[in-house]
Amino acid sequence: MKPLTRRQMAWRAAQDIVDGAYVNLGIGMPTLVSDYLPAGREIVVHSENGILGMGGAPRPGAEDPDLINAGKGLTTLLAGGAFFHHNDAFAMIRGGHLDLSIMGAFEVSQDGDLANWTTDDPAFAPGVGGAMDLAVGAKEVRALMEHTTKDGAPRIRRHCVYPLTARACVKRVYTNLAVLDITAEGVVVREMIEALDLASLQDVTEPKLILANDWKRFSAPAL
Amino acid sequence: MKPLTRRQMAWRAAQDIVDGAYVNLGIGMPTLVSDYLPAGREIVVHSENGILGMGGAPRPGAEDPDLINAGKGLTTLLAGGAFFHHNDAFAMIRGGHLDLSIMGAFEVSQDGDLANWTTDDPAFAPGVGGAMDLAVGAKEVRALMEHTTKDGAPRIRRHCVYPLTARACVKRVYTNLAVLDITAEGVVVREMIEALDLASLQDVTEPKLILANDWKRFSAPAL
Amino acid sequence: MIDKRVPSLAAAVAGIASGMTVLCAGFGTVGEPIELIEALLPLGVRDLVIVSNNAGTGERGIALLIRERRVRKVVCSYPRTSDPHVFEAEFKAGRIELELVPQGTLSERIRAGGAGIGGFFTRVAAGTRLGEGKEAREIDGALHVLERPIKADVALLRAERGDRWGNLVYRKSARNFNPVMAPAGALAVAQVREMAELGTLDPEAIHTPGIFVDRVVVA
Amino acid sequence: MIDKRVPSLAAAVAGIASGMTVLCAGFGTVGEPIELIEALLPLGVRDLVIVSNNAGTGERGIALLIRERRVRKVVCSYPRTSDPHVFEAEFKAGRIELELVPQGTLSERIRAGGAGIGGFFTRVAAGTRLGEGKEAREIDGALHVLERPIKADVALLRAERGDRWGNLVYRKSARNFNPVMAPAGALAVAQVREMAELGTLDPEAIHTPGIFVDRVVVA
């Protein structure tokens with residue numbers, strides 16, 4: 001059994017984004033999703049700092065210091081893209097105009113509660129950015145995170161331990177081990193990586209898992 | 001004694017607009033004010049439908065059907081002007097960014113209450129437009145109205161009879177007989193037209209008038 | 001591929017049904033999507049709630065819908081625009097409801113609807129007849145009323161140019177309510193004078209980004 | 001004549017005093033009016049409240065003000081931007097206050113300040129630690145919190161081009177908070193890369209109309 005790399009996780013999340021979707025990709029791992037958007041689909045990437053139609057990283061020599069993404073990395077604009085101010089960017093988010101927000105997470109609860117803004121680590125000042133806006137505003141929220149902490153503790157919890165970003169917002173979770181849906185019935189395993197069994201997955205997951213009837217194995221290309 | 005014409009009243013109101021002022025001129029008589037803005041002053045006229053830097057009426061042949069003022073008459077744009085949407089236009093109004101709003105009025109009270117949106121005439125559906133926004137939002141509100149109704153009843157009242165647009169907002173009133181300030185002490189006569197005396201003005205004004213120490217006669221050019 | 005272009009006015013208004021709330025952009029006839037509005041007639045829809053600054057001019061657009069008795073209620077700031085005789089007649093006859101809203105509050109309520117704001121306090125109309133019945137409170141010494149967002153089933157828009165992603169550019173004062181209403185309609189439909197190739201509209205000067213627009217038709 | 005151009009950074013920040021609330025535009029360093037912010041240093045001002053998306057990057061701009069201990073409090077959404085070491089050090093030492101606000105709520109509160117809105121209800125932060133202590137109510141079945149407008153003494157802006165009326169045009173993602181903050185400062189000052197002749201900025205594409213701007217300086 002070989003857990004997915006961060007890039008493989010981003011790749012897996014990218015495969016589910018449908019043609020024509022308006023999506024926001026959070027800072028950190030979700031930003032990598034934009035590298036793996038499936039060919040042949042026109043997907044409009046939104047950025048909190050006033051961009052729709054964001055492209056990938058610029059070619060060397062084509063960098064523009066005035067054109068950055070929400071993670072403050074250099075980016076580009078596709079044909080058909082537009083610039084606007086911060087308040088319009090958040091009217092798009094809060095007003096329910098984004099089809100999908102993919103965010104990193106510290107924890108997701110069995111009810112879809114999301115904790116991704118602070119661990120109360122006294123070594124750092126807390127920062128929230130646009131996480132609460134996205135969690136509340138996007139039509140669908142999906143989390144992209146390692147299945148466990150570095151210490152092996154589950155990140156999919158009965159109840160989040162860390163302070164909440166928003167309640168009952170996450171519908172799907174992509175981890176390095178599985179794809180899981182948060183449903184009214186509970187946490188449903190849709191996909192597992194090769195050679196992983198449900199019992200082993202349950203060992204690193206706090207709430208009781210439900211294996212979907214049509215669950216499948218999945219693997220990602222080497223990335 | 002010769003009361004001012006509507007154009008003369010507009011002329012008089014225009015003389016008080018200072019260089020550099022951002023002003024909104026209400027529909028009806030106040031729109032005429034833009035024809036008499038004193039030469040040598042740069043005055044930026046705002047319109048509710050998304051214009052700053054509105055000019056006068058277009059020359060024949062230069063009319064543009066997409067360029068109208070709040071009264072829906074054709075207008076022009078000065079160099080330095082800008083177009084924006086309705087919500088930005090009202091952010092300017094409500095947010096206190098306009099130096100001056102000149103509006104028509106049915107009645108003004110001694111406390112500066114303004115009544116200018118409905119007379120409850122059952123023959124017409126009521127309309128409010130941007131009057132309440134302007135009355136509340138502009139840094140200064142001045143009213144431009146005939147001193148009396150067609151029947152000779154005073155329009156400057158102790159208390160407005162018609163439904164209010166906003167309380168305590170009018171600071172100055174231009175009529176066809178006088179220029180009056182609404183002050184904490186009462187209604188102060190600043191200027192009267194030629195051959196009018198205070199007693200005659202008081203006869204057509206409900207609240208007790210105070211004659212300013214430095215009051216003066218004024219006359220307008222033939223218009 | 002994203003292609004919001006539709007080939008006809010009929011396709012542009014497909015699915016709009018009786019009883020819906022319809023935002024109609026424009027200030028008087030300027031920026032009013034007259035052809036889209038009139039395309040509602042053959043659909044046979046009735047009992048519409050029209051939200052617009054005015055209540056129809058002459059006998060076209062909103063006025064035609066009202067004359068044909070398709071409108072149950074108008075939410076507007078100023079029904080007495082130039083030539084409002086159709087609305088006036090229906091109103092006096094008691095056949096149409098009017099909700100009068102100060103123009104800036106109307107705009108802000110629509111904006112709140114599109115921006116996911118649950119309500120806002122404004123001084124405008126506080127202490128007046130138009131503020132009666134609304135929750136009121138003093139904030140920083142001034143009386144405010146609480147205003148609710150306006151969300152609509154449909155927003156009908158008129159722009160100068162549009163592209164297949166739904167990006168829109170308006171012309172001069174025809175912009176008015178258009179960019180405010182686009183986000184507040186569950187379905188937003190724009191008639192444009194001209195279709196532009198994707199990428200030819202200046203990204204620095206797109207007035208309504210395509211995310212807010214569902215269909216674009218040349219009319 | 002209207003002429004908002006000023007000849008120097010010193011003239012641009014004249015009158016800004018200790019204890020004032022200062023909106024600083026920008027997202028990270030992009031769109032941050034670094035030169036204007038640093039021009040506050042020779043004024044000797046202290047105890048500033050800085051409202052900005054971040055809390056300073058590296059050692060320039062907001063970070064420099066903080067390092068020089070001119071800032072009492074930062075209101076922001078994300079102090080942990082790239083290289084926040086100056087803020088982090090002051091924060092850990094307990095020498096600077098932090099009010100953390102979700103980014104969209106921060107933007108909306110500033111917008112409310114500039115647009116004369118007395119407060120608004122939003123679902124964002126409701127039921128979370130950042131919503132604690134705020135008035136809450138259920139609206140249409142969802143918990144909302146009441147947020148207050150942010151009005152400031154000063155807004156510091158950075159634009160690509162400006163003219164003597166104060167009209168501003170930004171470039172790409174450097175627009176960000178600039179047009180939101182301009183209306184919310186009692187004094188709004190913009191540094192621009194280039195001054196434009198009046199009338200040469202496209203009236204269809206002015207991002208901040210001059211009414212919101214008091215001073216413009218090339219920097």
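Just the heavy atoms: all of them, side chains too, but no hydrogens, waters or symmetry mates, feed the values below. Naming: A, B, ... by sequence-line order, numbering from 1 per chain. From a predicted model like this one, the values you see are computed outputs, not experimental measurements.
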Check whether [X] gets within reach of chain A through its side chain, its backbone, both or neither, counting any heavy atom under 4.5 Å.
| X | result |
| --- | --- |
| D:N53 | side chain |
| D:T105 | both |
| D:F91 | side chain |
| D:R123 | both |
| D:F87 | side chain |
| D:R171 | both |
| D:E88 | side chain |

With side chains defined as the heavy atoms from C-beta onward, is the minimum distance between [X] and [Y] less than 4.5 Å?
| X | Y | answer |
| --- | --- | --- |
| A:Y22 | A:H46 | no |
| A:L98 | A:L134 | yes |
| D:E68 | D:L41 | yes |

(message) Check this for me: D:R215, atom CZ, are more than 12 non-hydrogen atoms of other residues, nucleotides or ligands nearer than 6.0 Å?
(response) yes

(message) Other residues, nucleotides and ligands only: do more than 12 of their heavy atoms fall within 6.0 Å of NZ on D:K4?
(response) yes

(request) Using the six-membered ring wherever Trp is involved, compare the ring planes of A:H86 and D:F177 and label them parallel, tilted or perpendicular (cut-offs 30° and 60°). (result) parallel

(message) If we count only N and O atoms by modelled type, under 3.5 Å, do the side chains of A:K72 and A:N49 hold a donor and an acceptor together?
(response) no

(request) Measure A:N69 against the heavy atoms of chain D and call it side chain, backbone, both or neither at under 4.5 Å. (result) backbone

(message) Please classify the contact of A:P65 with chain D as side chain, backbone, both or neither, using a heavy-atom distance under 4.5 Å.
(response) backbone

